[in-house]
Visitor: 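Dropping the structure in here first, questions after.
Values below: all heavy atoms of this structure, side chains included; hydrogens, waters and symmetry mates excluded. In this text the structure is predicted, and so the values were computed from the model without any measurement. Here is the naming used below: chain letters follow the sequence lines, and residue numbers restart at 1 for every chain.
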2 protein chains.
Amino acid sequence: MSVTIKDVAKLAGVSISTVSRVINDSKPVSPEARRKVLHAIDELGYEPNQVARSLVTKKSNLIGVIVDDIGNYYVSQIVRGIEEIGRMYNYDIILGSSYGSEETEMKYLQLLRTKQVEGIILVSEIMNKNLVEYLEDLKIEFVYLNRYYNTLKLPTISLDNGKATGMMMDYLIELGHKNILYLTQEEDIELTIEKVKIDAYKNAMKSIGNTPIIHKINSHRIKGGYDAGAYVKELIDTHNISTVFCSQDELAIGLMNYFYDNDIKVPEDISVAGYGDISVAAIYRPTLTTIREPYYDIGAVAIRKILKKLIGESIDDENITLPIRLIKRESVKRI
Amino acid sequence: MSVTIKDVAKLAGVSISTVSRVINDSKPVSPEARRKVLHAIDELGYEPNQVARSLVTKKSNLIGVIVDDIGNYYVSQIVRGIEEIGRMYNYDIILGSSYGSEETEMKYLQLLRTKQVEGIILVSEIMNKNLVEYLEDLKIEFVYLNRYYNTLKLPTISLDNGKATGMMMDYLIELGHKNILYLTQEEDIELTIEKVKIDAYKNAMKSIGNTPIIHKINSHRIKGGYDAGAYVKELIDTHNISTVFCSQDELAIGLMNYFYDNDIKVPEDISVAGYGDISVAAIYRPTLTTIREPYYDIGAVAIRKILKKLIGESIDDENITLPIRLIKRESVKRI
DNA sequence: ATGAAAGCGCTAACAG
DNA sequence: CTGTTAGCGCTTTCAT
């Protein structure tokens, strides 16, 4: 049996209310009584039972986080942001991974409700309509993060992906590139964040009087980039491409792997640019020129948004504009 | 106000005990009553409050997981293993990262106690003596996982690192390598898992009548491997080294980066082997020959161990021997 | 098979 | 400033 508030009260010779008061600093307590209570707590090694406390206060100090796959680098960075800021305000996170299953996402969502979490952050990669509906009329605070899909109806943290794409294009053009191939995943274009990026790419190409050359594949993984290699190589030859700009770093890495395996030198023979700045981007050789998406900050802002509703104005809003940065590395060379 | 068991009871026209019985299947209930209760639950969208339930049953169905850094690939794999198995038995995880701070580890530990977690898994990278003591006389089930240090007093999941090192050495020797440099991090050798690996390396070298050549550095990160590059290059030249065997993949990748940046070709000029099979090992070019440590399984076994104590024999023991595998890739070539 | 009632450990009026 | 008391939502005897 673990030690309860009663044991402390008894040992200290006061009532349980007094004990409660000192551990919560909720009401004035005489120095004498406080001393005795503190002593008793120390003596007994007492730790307040948060479950009991939650039951009465309705505050679990728990934020539920459902992610696609904690093994993904960008996901882990978001979680890290959530966690670090959460800890500052004494909130802990309870974590679940869905691995892309709609069913699992829903299951976790229900579960988190029963655990009385005060807020939910969802890091998803799929477009789960059921879930969107479910969330909409949920009384719990939540933020919906999705790297690929736009969900206009749900509170989220968004970045100016169009501007970022434009930055990269400006850079490439400045280095003398003209025939730039854009490699992207094909998805339901209307719902997709990719739409604005594609538009930005097209605009940039038009601005230099060039025709956009887009190749869509059905993957945003490394393997997808690799498998697209052969066809991309054809496009390079037939269209005199000097740079392949990939909509995700994973595609870029896959493509560079293909090039390496087929003796095509990056950036000597062809430049490659990515988007995301996943961890390998700086480790791989040649290092990958890319756009850095501030995953850590996205997580941090997401939980701030929730905490703000929960504990109010004491959260520093800062109205952070999330910094998207162009990271110049070795995979793109001047022509 | 959310809907409680009382509301269900009222609507169904039965007592709360009856409702409790049907949701827990704890005692026989007449079909008629059951039907009414189920209907009411459905009508109201009732979800039992787990906090209240935990308070009385003393079962939170929560496992606390404290990790060093969820952003580390191997850590995320362990967590994934913990989570997937936990979910099978209806246990959720509450996660905290310590980022190498002893203080944070301790803080989380206390916190998890107050949250009434039923078990704790610690994935640490440091040797936190205080914590080891604290854990020792804690009544909560726990497993201590540490990739670098041995803690004989604590329950853990251990691998045969010596055997794995031997496997790699046999492979290298079989390919004709004789002068093999072992690159490792220097630590308090007695407490370290590295000790057995170094011994295995030495034995293998002696078995072919060669003198061990070990270079110790004070890091197990990519940067450490990179920074060691210049000196390693000297050793290669002076000792006619044909392979550098690194005690961690991170060191191997750092070293290969150095080689790439200095126009030394792997594996043509020098072979490199790693240990761990972190995610980049298969992505990097050349792909890294290494030892695969079964991180996912380590997590899975860790939580199984705890659940076994918690729910008893119903957990399939399997007495899994964790598979350590030699992964042959491109970074090592036959001489 | 079912309901009444006690109690899990704690907080928050309420009365002094 | 302090103690008494009434719950929070649920499970679990104990009667019936």
Visitor: Please state whether the base of dT2(C) and the side chain of Ser30(B) form at least one donor-acceptor pair under 3.5 Å?
Guide: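 Checked by distance alone, the answer is no.
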Visitor: Return the value, rounded to whole Å, for the distance between atom CG of Asp7(A) and atom P of dG9(C).
Guide: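 So the CG-P distance, Asp7(A) to dG9(C), works out to 9 Å.
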Visitor: Between Tyr296(B) and Glu84(B), do the side chains contain an N or O donor and an N or O acceptor separated by less than 3.5 Å?
Guide: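 The answer is yes; a qualifying pair exists.
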Visitor: Among side-chain atoms of Tyr144(B) and Asn146(B), is any donor-acceptor pair under 3.5 angstrom?
Guide: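 There is such a pair between these side chains.
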Visitor: In whole angstrom, give the distance that lies between atom CD of Glu47(B) and atom P of dC10(D).
Guide: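 Between P of dC10(D) and CD of Glu47(B): 11 Å.
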Visitor: Side chain of Thr18(A), heavy atoms from C-beta onward: which of dT11(D), dT2(D), dT11(C) has the nearest atom to it?
Guide: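 Of the candidates, dT2(D) comes closest.
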Visitor: Tell me whether Ser124(B) contacts the main-chain N or O of Ile126(B) through its side chain, where contact means a donor paired with an acceptor under 3.5 Å.
Guide: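 Yes; judged by distance alone, with no hydrogens or angles, the pair exists.
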Visitor: Please tell me if Lys58(B) has a side-chain N or O lying less than 4.0 Å from either OP1 or OP2 of dG9(C).
Guide: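 The answer is yes; a side-chain N or O of Lys58(B) sits under 4.0 Å from OP1 or OP2.
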Visitor: So what does Val14(A) hit on the nucleic acid, given a heavy-atom distance under 4.0 Å: a base, only sugar-phosphate, or nothing?
Guide: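 Contact class for Val14(A): sugar-phosphate only.
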Visitor: Looking at every strand, decide which applies to Thr57(A) at a 4.0 Å heavy-atom threshold: base, sugar-phosphate, or nothing.
Guide: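 Thr57(A): backbone/sugar contact only, no base atoms under 4.0 Å.
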Visitor: With DNA chain D as reference, determine whether Gln50(B) or Lys27(B) sits nearer its 5' end, using the nearest nucleotide of each.
Guide: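 Looking at DNA chain D, the more 5' nearest nucleotide goes with Gln50(B).
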Visitor: Counting neighbours of NZ on Lys309(B) that are heavy atoms of other residues, nucleotides or ligands and sit closer than 6.0 Å, is the number greater than 12?
Guide: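 No - once you tally the heavy atoms of other residues, nucleotides and ligands closer than 6.0 Å, there are 12 at most.
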Visitor: Check this for me: Lys107(B), atom NZ, are more than 12 non-hydrogen atoms of other residues, nucleotides or ligands nearer than 6.0 Å?
Guide: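 Yes.
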Visitor: I need the NZ-P distance between Lys115(A) and dG9(D), as an integer number of Å.
Guide: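 In whole Å, dG9(D) P and Lys115(A) NZ are 18 Å from each other.
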Visitor: Using whole Å, what does the distance between atom P of nucleotide dG7(C) and atom CZ of Arg53(B) come to?
Guide: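 Distance check: Arg53(B) CZ to dG7(C) P gives 22 Å.
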Visitor: Which nucleotide in the set dC10(D), dT11(C), dC8(D) lies at the smallest distance from any side-chain heavy atom of Pro48(B)?
Guide: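 Among the listed nucleotides, the one closest to the side chain of Pro48(B) is dC10(D).
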Visitor: In this structure, how many angstroms lie between the C1' atom of dT2(C) and the CZ atom of Arg35(B), rounded?
Guide: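 In whole Å, dT2(C) C1' lies 17 Å from Arg35(B) CZ.
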Visitor: Measure CD1/Ile16(B) against P/dC14(D) and give the value in whole Å, please.
Guide: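 Going from Ile16(B) (CD1) to dC14(D) (P), I get 17 Å.
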Visitor: Is Asn49(A) close enough to dC8(C) that one of its side-chain N or O atoms is under 4.0 Å from OP1 or OP2 there?
Guide: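 Asn49(A) to dC8(C) OP1/OP2: no side-chain N or O under 4.0 Å.
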Visitor: Starting from the 5' end of DNA chain C, give me the residue, Ser15(B) or Ile23(A), whose nearest nucleotide shows up first.
Guide: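 Upstream on the strand: Ser15(B).
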Visitor: Starting at the 5' end of DNA chain C, which residue's closest nucleotide do you reach first, Val56(B) or Glu32(B)?
Guide: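 In this pair, the answer is Glu32(B).
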Visitor: What's the closest nucleotide to the side chain of Leu55(A) if the choices are dA1(C), dT11(D), dG9(D)?
Guide: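 The answer is dG9(D), which lies nearest to the side chain.
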Visitor: Is any N or O donor-acceptor pair between the side chain of Ser17(B) and the base of dA4(C) shorter than 3.5 Å?
Guide: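 Donor-acceptor pair under 3.5 Å: yes.
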Visitor: In whole Å, I'd like the distance from the CZ atom of Arg34(B) to the P atom of dA1(C).
Guide: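 One finds 10 Å between P of dA1(C) and CZ of Arg34(B), rounded.
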Visitor: Please check this pair: side chain of Ser101(A) against backbone of Ser98(A), looking for a donor-acceptor N/O pair closer than 3.5 Å.
Guide: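 No; zero donor-acceptor contacts below 3.5 Å.
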Visitor: Taking atom C1' of dT4(D) as reference, at what distance in whole Å does atom NZ of Lys6(A) sit?
Guide: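 After rounding, the gap between these two atoms is 13 Å.
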Visitor: Can you tell me which nucleotide in dG9(C), dA5(C), dT13(D) comes closest to the side chain of Arg21(B)?
Guide: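 Out of dG9(C), dA5(C), dT13(D), the nucleotide with an atom closest to Arg21(B)'s side chain is dT13(D).
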Visitor: Can you find a side chain N or O atom of Thr4(A) that sits less than 4.0 Å from OP1 or OP2 on dG9(C)?
Guide: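 Result: no.
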